[in-house]
Each structure stands twice: as structure tokens, then as C-alpha cells.
**Q** 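Have a look at this one before I ask anything.
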There are 2 protein chains.
Amino acid sequence: MSTHLTPPLDEAFAALGDGTRRAIVERLASGDATVGELAEPFAVTHQAISRHIGILRRCGLIEQRADGRRRPCRLNVERMGELEGWIGEQRRQWASRLDRLETHVASGQDDAR
Amino acid sequence: MSTHLTPPLDEAFAALGDGTRRAIVERLASGDATVGELAEPFAVTHQAISRHIGILRRCGLIEQRADGRRRPCRLNVERMGELEGWIGEQRRQWASRLDRLETHVASGQDDAR
DNA sequence: TCATTGCGCAACGATAGGGTTGCGGATACT
DNA sequence: AGTATCCGCAACCCTATCGTTGCGCAATGA
């Protein structure tokens with residue numbers, strides 16, 4: 001239940017902690033793109049973007065395939081779903097007020113704000 | 001309302017990129033807890049946990065209130081929802097195959113490779 | 001009043017991350 | 001063939017972050 005995901009969530013969440021990488025993800029959400037296309041809108045070298053892509057690939061958020069001298073990138077929506085699922089699970093857990101109340105009582109405080 | 005502070009997604013996602021902090025979040029999902037309670041299960045000093053809490057607090061994922069010499073922490077589910085929402089939005093965007101197809105065509109490539 | 005507990009801040013060393021340039025391999029163009 | 005392009009790797013800085021120790025402050029309890 002808690003240790004259910006093959007790859008650690010650490011790298012995936014950390015990867016999304018960078019604005020450039022999130023922008024890449026946003027771009028890929030609207031369709032596949034090559035490294036060059038992804039790098040264009042940014043004011044950094046293509047190597048930097050290539051590295052970001054490598055990070056996103058290693059943590060499973062995107063996939064790459066060889067197409068000639070291009071390396072088209074594709075968003076891995078399933079992996080995104082895993083991250084979304086973790087957050088959602090915490091929210092659902094929180095939503096079950098029974099547990100919250102239990103802890104409140106244990107902490108010796110009432111919910112009267 | 002929703003157009004207040006979007007940028008801090010960086011810090012929030014990055015915060016969840018640390019296993020210790022995710023564990024703290026998981027703990028808080030089941031109910032509020034003090035810094036000491038949160039630090040107990042970990043093999044690090046309370047200062048380290050206190051710092052993690054500070055990071056989670058600054059990026060809005062948790063809140064703290066003063067209760068005597070205690071500092072009970074509470075999970076901010078709304079903030080969690082924002083992160084979940086961003087991921088979900090990318091997934092929905094991806095799900096709209098029209099855009100994907102459009103980009104495929106624009107890239108001059110078909111999935112037959 | 002004095003000692004203890006809960007917690008945060010500041011400073012330190014060690015490590016990881018993002019950016020750059022330089023280089024080389026693979027593929028496309030002429 | 002030769003050249004240009006796309007892309008990744010490796011080396012190098014620079015800065016941010018994790019963990020530690022030491023200290024200090026406020027609240028509790030004797």
C-alpha cells in the first residue's frame with residue numbers, strides 16, 4: 001500500500017520541482033516534441049534542456065524514441081497518474097475526519113479553532 | 001481567488017521530492033501532530049525535521065499554530081489540491097487526442113515510424 | 001524560583017543540482 | 001565525398017540543500 005510504486009517518487013516529484021521541467025511537461029502534454037523544439041522557447045543551451053529531459057526520462061515522466069537524428073519525447077501519462085494518485089490518497093486520508101478527530105483528541109485539543 | 005499565487009509550484013513539488021517530507025505529509029494526512037511527534041520515527045535530529053517542516057510550511061503544504069510550547073502541524077489539503085490539479089490538467093490535456101494528432105501532423109511524422 | 005522540555009535559528013562541512021563550454025557520434029543535405 | 005545539424009556526454013563552476021552541533025527562548029512543572 002505505501003510501498004507500491006516501483007520507482008521512487010522522490011525523483012519524480014523533485015523533477016517537477018523545476019519550472020523549466022514543468023514547462024517541458026506542459027509542452028509535451030499537448031503533443032510529442034523533439035529536444036530542439038523543447039529547447040527553443042528557453043534561454044538556455046540545448047545541453048541544459050537535454051539534461052532536463054534526461055532527468056524526466058530517468059524518473060519515468062517522459063519517454064524518448066530514436067527517429068533518425070531526432071529524439072522525439074512523449075509524456076508518460078501513467079507515471080503522472082501515479083504522482084497524482086499519491087497526492088489524492090493523502091487528501092482522501094485527510095478527508096476521513098474520523099482519523100483527524102482521533103488525533104485531535106489524542107493531542108488534547110478541541111476543534112473549536 | 002485562484003489567481004493569487006501560482007508560481008510556488010516549484011517549491012511545493014520540490015518539497016515532495018524528499019522522502020522524509022512525504023512521510024511527514026503522510027503522517028499529517030491522518031491527523032495533526034507536533035514537531036516532536038513527527039520527528040520521533042526518524043533517525044535524524046529534531047532540528048533536521050524542524051527544517052523540513054519549515055520548508056513544507058513555507059511552500060504552503062502545511063500550517064503551524066502556537067499551542068504553548070508546542071507547534072502542532074496541520075496539512076493544507078487545498079495546497080495539495082493545487083498540485084494534484086496541475087498534474088491532472090496535464091493529463092487531461094494529453095487525453096485530448098486532437099491536440100496530440102495535430103502536433104504529430106505538424107511534426108511531419110506518423111506513428112507508423 | 002530554578003530546572004526541564006519543545007522548538008527554532010545560525011554556522012559549519014559534505015553533497016547534489018543547474019548552468020556553461022567543448023567534444024564526438026549519428027544522421028541528413030548537397 | 002564533405003558539410004551541417006541534432007543530440008548526448010564529460011568537465012568545470014556556483015549555488016542550494018541536507019545533516020550536524022551549539023545556542024537561545026518560551027512554556028511547563030517542581
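Since this is a predicted model, take the numbers as computed values, not measurements. Here is the naming used below: chain letters follow the sequence lines, and residue numbers restart at 1 for every chain.
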**Q** Does B:I62 reach the side chain of B:N76, with side-chain heavy atoms less than 4.5 Å apart?
**A** no

**Q** Has A:T45 got a side-chain N or O lying under 4.0 Å from the OP1 or OP2 atom of C:dG19?
**A** no

**Q** What is the distance, to the nearest angstrom, from the CG atom on A:D18 to the P atom on C:dG17?
**A** 12 Å

**Q** From CD of B:E11 over to P of D:dA16, roughly how many Å is that when rounded to an integer?
**A** 13 Å

**Q** Taking atom types as modelled, is there a side-chain donor on A:E84 or B:W86 under 3.5 Å from an acceptor on the other?
**A** no

**Q** Rounded to whole Å, how long is the line connecting atom CD1 of A:I53 with atom P of D:dC7?
**A** 8 Å

**Q** Strictly below 4.0 Å, N to O, side chains only: are A:R79 and A:E82 in salt-bridge contact?
**A** yes

**Q** Need to verify one output field. Residue with the more 5' nearest nucleotide on DNA chain C, A:A43 or A:R71?
**A** A:A43

**Q** Let me know the distance between CG of B:D67 and C1' of C:dT5, rounded to the nearest Å.
**A** 14 Å

**Q** Any side-chain heavy atom of B:R27 within less than 4.5 Å of one from B:E37?
**A** yes

**Q** A:R69 CZ to C:dC29 P: how many Å, rounded?
**A** 6 Å

**Q** Can a side chain N or O of A:R21 be found less than 4.0 Å away from OP1 or OP2 on C:dG18?
**A** yes

**Q** Does the side chain of A:S50 get closer than 4.0 angstrom to OP1 or OP2 of D:dG8 through an N or O atom?
**A** yes

**Q** Mind calculating the distance between CG (A:L56) and C1' (C:dG17) to the nearest angstrom?
**A** 14 Å

**Q** Compare every heavy atom of B:D10 with every heavy atom of A:G19, then report the nearest pair and how far apart it is.
**A** N-OD2, 3.0 Å

**Q** Quick one: bend of the helix from C:dT1-D:dA30 to C:dT30-D:dA1 from 5 pairs per end, to 10°?
**A** 20°

**Q** Atom CZ of A:R51 and atom P of C:dT21: how far apart are they, to the nearest Å?
**A** 13 Å

**Q** Looking across every strand, which nucleic acid part, if any, lies under 4.0 Å from B:H46 by heavy atom: base, sugar-phosphate, or nothing?
**A** base

**Q** Any idea how A:F13 and B:F13 line up, ring-wise: parallel (<30°), tilted (30 to 60°), or perpendicular (>60°)?
**A** parallel

**Q** State whether B:Q47 places a side-chain N or O below 4.0 Å from either non-bridging phosphate oxygen (OP1 or OP2) of C:dA10.
**A** no

**Q** List the atom of A:A66, the atom of A:R71, and the distance in Å for their closest heavy-atom pair.
**A** CA-CD, 4.4 Å

**Q** Is A:H52 close enough to C:dG19 that one of its side-chain N or O atoms is under 4.0 Å from OP1 or OP2 there?
**A** yes

**Q** For B:R70 and D:dA27, what is the distance between atoms CZ and C1' respectively, to the nearest whole Å?
**A** 11 Å

**Q** Would you tell me if any nitrogen or oxygen in the side chain of B:Q64 comes within less than 4.0 Å of OP1 or OP2 on C:dG8?
**A** yes

